[in-house]
*Asks:* 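Would you mind keeping the following structure in view while I ask a few things?
All ligand and atom numbering here is 1-based and tracks the order in the structure. Counting from 1, the numbers follow the sequence of the chain as shown.
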Amino acid sequence: MFMPALQTVLKMVYPSRCLICGGLVETDFGLCGTCWRDTPFIAGLTCDCCGIPLIGDSDDAEFCDDCLVTPPPWMQGRAGLVYRDNGRKLVLMLKHGDRHDIALPAASWMARQARPMLRDNMIAVPVPLHLRRHFKRRYNQSALLSRALAQELGIDHVPDALERLRHTASLDGKSREARYHALADALRVRPRCRHLIEGRPVLIVDDVLTSGATLSAATEACLAAGASEVCISVLARVAKEP
Ligand SMILES: [Zn+2]
Ligand SMILES: [Zn+2]
């Protein structure tokens, strides 16, 4: 009974703050009521492969048009948020704002969507930053998310299983084809981590899913290293305006 009492005392001394506006919040869920309402959480029917929200209701796995036309190499994918408004803001705060405190609540939002993808003996692996960018930014936001998500889901985590083999220029603003071309063979499983991947289902974690080029390259790398199958979990999913 000591811990809850201590937590209550700590809460009185350090009350929870909203991740976005800094206002006081009553719960541990990270956002105040106003910011919560303005955050595009993904719920309901989504594409089974890329996690994009779909209209309607279904008990079967459904797919969006993009995934039907060009199926990604991974089996299933889910996102916690749509990448707009506060969804975008949270990603940028985590990525550029040194806001590591976002990782824990973000992982709980991701876990709500990711749980149906869980497999026995699954292992979580983040998309790596390029070394040069890692040096500049000092931390990999995807590894912060994958560590917290693995903890939340109770699965193993290998933060450095994937590595980049060469520098890829910023992909911002590039076409889908240009992104895929730039990333082909850019990632691989580190030789010393291959035995951790071989024969196991892998959950690849990233902050944003845009064209899927990076996640495709990461998936191919895991499959090449012998992963039995690959699913993906991202904090936010870029979605066309409805
Ligand atoms: Zn707020
Ligand atoms: Zn899709």
*Asks:* Can you tell me if C49 has an N, O or S atom under 2.8 Å away from the Zn ion (ligand 2)?
*Replies:*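 Under 2.8 Å: C49 has no N, O or S contact with the Zn ion (ligand 2).
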
*Asks:* How wide is the angle at the Zn ion (ligand 2) between SG of C64 and SG of C50, to the nearest 10°?
*Replies:*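 That angle works out to 110° after rounding to 10°.
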
*Asks:* I need the single residue from I102, T34, N86 that forms a side chain to side chain contact (heavy atoms under 4.5 Å, CB included) with I20. Which is it?
*Replies:*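 Of the listed residues I102, T34, N86, the side chain to side chain contact (heavy atoms under 4.5 Å, CB included) partner of I20 is N86.
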
*Asks:* Can you tell me if Q76 and R119 form a side-chain donor-acceptor pair at under 3.5 Å?
*Replies:*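 Indeed, the side chains of Q76 and R119 share at least one donor-acceptor pair under 3.5 Å.
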
*Asks:* Quick check for you: with the Zn ion (ligand 1) as the vertex, what angle do SG of C18 and SG of C35 span, to 10°?
*Replies:*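 The two atoms subtend 110° at the Zn ion (ligand 1).
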
*Asks:* Quick check: are there more than 12 heavy atoms from other residues, nucleotides or ligands sitting under 6.0 Å from CZ of R88?
*Replies:*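 Count not over threshold, so no.
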
*Asks:* Got more than 12 heavy atoms from elsewhere within 6.0 Å of CZ, R147?
*Replies:*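 Open.
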
